[in-house]
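All residue numbers refer to positions in the sequence shown, counting from 1. All figures in this text were calculated on a predicted structure; none of them were measured in a lab.
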Amino acid sequence: MRETHKITIAGIERELPRFAVNEHLDIAAFILFGDVELTEKCAAALIEKCPDFDYIVTPEAKSIPLAYEMSRQSGKKYIVVRKGVKVYMDNPVAVPVSSITTQREQYLYLGHEDGDLITGKKVLIVDDVISTGESLESVKKVVEAFDGEIVACCAPIAEGDAADREDIIYLEKIPLFFK
């Protein structure tokens, strides 16, 4: 039987399955895909905690359902920074990214068709989990490349030492499990 980590977030209790990142570290997997109730509640709780914004920007990852729901509830457009160049992208900006759950360096891309919308606008960066902060820094670089004004970075979960950061907004913290 897989080990789990119990969490109560946005008034909802969940058992998060633990997975090995490597032989020395496990993480509790916080996955919003398919959990509509949790996504809706986390979106409402984060909107309540965040400052005013014009656009939501999120990486192409497990945070997309959250960004969608925050967009739906707030009436503000969300933009996805992609993991690959698409044919419709106008002169995309590329920024390297690596994270605790990614096996190799990747790139994030945003074309001018969406990037130009955030120029001079208040941008809220949304992710599902902030851990090392490397993914977050890459998304920040993309927003900065288009001269967007980052008003806050948020996620439902701060993992490990990220919970000690004062530059992020989060709902709950979960530990890293060292072996």
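Taking D26 as the reference, R18, K179 meet the salt bridge (charged side-chain N to carboxylate O under 4.0 Å, His left out) condition, with sequence neighbours excluded.
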*Intermediate values then yes/no, side-chain contact (heavy atoms from CB on, under 4.5 Å), I7 and I174*: CA-CA 8 Å; I7 188 171; I174 58 175; 3.4 Å; yes
*Should L124 and L46 be marked as a side-chain contact (heavy atoms from CB on, under 4.5 Å) after you check the CA-CA gap, both sets of side-chain angles, and the distance that decides it?*
CA-CA 11 Å; L124 176 65; L46 284 170; over 6 Å; no
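Taking all atoms of both residues into account, the shortest heavy-atom contact from I168 to A162 is CD1-O, 3.5 Å. In plain terms, the two heavy atoms of S138 and P96 that are nearest each other are OG-O, 2.7 Å. Between A28 and H5, the shortest heavy-atom distance links the atoms CB-CB, 3.9 Å. Counting all heavy atoms, side chain and backbone alike, S131 lies closest to L176 at OG-CD2, 4.4 Å.
Between F30 and I9 the shortest side-chain heavy-atom distance falls below 4.5 Å.
For the pair S71 (side chain) and A67 (backbone), a donor-acceptor distance under 3.5 Å is absent. No side-chain donor-acceptor contact under 3.5 Å links E69 to the backbone of A44. A side-chain donor-acceptor contact under 3.5 Å links K49 to the backbone of Y170. Although no hydrogens or angles enter the test, the distance criterion places no donor-acceptor pair under 3.5 Å between the side chain of T58 and the main chain of V80. For the pair D54 (side chain) and K122 (backbone), a donor-acceptor distance under 3.5 Å is present. Within the 3.5 Å criterion, the main-chain N or O of E13 finds no donor-acceptor partner in the side chain of T8.
Enclosure of atom CZ in F177 by more than 12 non-hydrogen atoms of other residues, nucleotides or ligands within 6.0 angstrom is indicated. Residue K173 qualifies as open at atom NZ: its count of foreign heavy atoms under 6.0 Å is 12 or below. Heavy-atom contacts from other residues, nucleotides or ligands closer than 6.0 Å to NZ of K140 number more than 12. In the displayed structure, D161 atom CG is contacted under 6.0 Å by at most 12 heavy atoms of other residues, nucleotides or ligands.
Taking the charged nitrogens against the carboxylate oxygens, R2 and E15 have no contact shorter than 4.0 Å, which rules out a salt bridge. Using a 4.0 Å cut-off between charged nitrogen and carboxylate oxygen, D52 and K76 count as a salt-bridge pair.
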